[in-house]
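Okay, structure first, notes after.
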Amino acid sequence: MQHRNLRSGYEWTTAAIADILERGTATDWRNLARRIAEDPTGSYAQAVRQVLNHTHFYGTTVLWRDYLDQKIR
């Protein structure tokens, strides 16, 4: 996904993850979910949780929180 206001090399910052959660495609979500599944307590999972703690995306926040919670069980 081409992130608004982000240069190359910043694809996986919290700003980019917020953009994916808000406007990402199914492919973007699959890529993010795969990265979290590979390391459920790693940097991607932590970044998603940080974004979700500070922002509410209608229809997305609950889904991703549940996904994160399932991965760490």
Side-chain angles (χ1 to χ4, degrees):
M1 176 176 178
Q2 182 66 34
H3 304 289
R4 62 191 167 126
N5 304 321
L6 295 175
R7 299 183 316 261
S8 178
Y10 291 89
E11 290 86 4
W12 293 105
T13 63
T14 54
I17 288 174
D19 204 29
I20 288 170
L21 297 180
E22 186 175 16
R23 285 184 290 288
T25 65
T27 300
D28 297 323
W29 280 28
R30 276 192 300 273
N31 289 336
L32 182 57
R34 181 180 42 79
R35 289 173 186 266
I36 292 170
E38 290 170 358
D39 187 6
T41 59
S43 60
Y44 296 106
Q46 290 175 14
V48 169
R49 206 171 282 282
Q50 181 180 357
V51 169
L52 296 177
N53 286 338
H54 292 74
T55 311
H56 179 78
F57 302 111
Y58 180 78
T60 304
T61 300
V62 172
L63 176 75
W64 279 98
R65 278 197 181 130
D66 287 348
Y67 180 74
L68 290 171
D69 291 344
Q70 287 177 359
K71 289 298 170 187
I72 59 172
R73 285 186 192 158

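Heads up: numbering here begins at 1 and tracks the sequence. Only a predicted model underlies this, so the values are computations on that prediction, with no experimental measurement involved.
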Using the rule given for side-chain contact (heavy atoms from CB on, under 4.5 Å), can you reason through Leu21 versus Leu52, listing the C-alpha separation, both sets of side-chain angles and the distance that settles it, and then say yes or no? CA-CA 9 Å; Leu21 297 180; Leu52 296 177; 3.8 Å; yes
Distance-minimising heavy-atom pair for Tyr67 and Ala37: OH-CB, 3.7 Å
With sequence neighbours excluded, what pairs up with Asp39 under the salt bridge (charged side-chain N to carboxylate O under 4.0 Å, His left out) test? none
I want to check something: taking the side chain as every heavy atom from C-beta on, are Leu63 and Trp29 in contact at a cut-off of under 4.5 Å? yes
Residue His56 excluded, over 12 heavy atoms near NE2 under 6.0 Å: yes
Given Arg65, which of Thr60, Asn53, Val48 fulfils the side-chain contact (heavy atoms from CB on, under 4.5 Å) condition? Asn53
Would Ile36 and Trp64 count as a side-chain contact (heavy atoms from CB on, under 4.5 Å) here? Give the steps. CA-CA 11 Å; Ile36 292 170; Trp64 279 98; 3.8 Å; yes
Reported NZ-to-CG distance for the pair Lys71 and Leu68, which is rounded to 0.5 angstrom: 10.0 Å
Between Thr41 and Arg49, is there a side-chain heavy-atom distance shorter than 4.5 Å? no
For the pair Asp28 (side chain) and Thr25 (backbone), establish whether a donor and an acceptor sit closer than 3.5 Å, ignoring hydrogens and angles. yes
Locate the shortest heavy-atom distance separating Pro40 from Ala45; write the atom from each residue and the value. O-CB, 3.2 Å
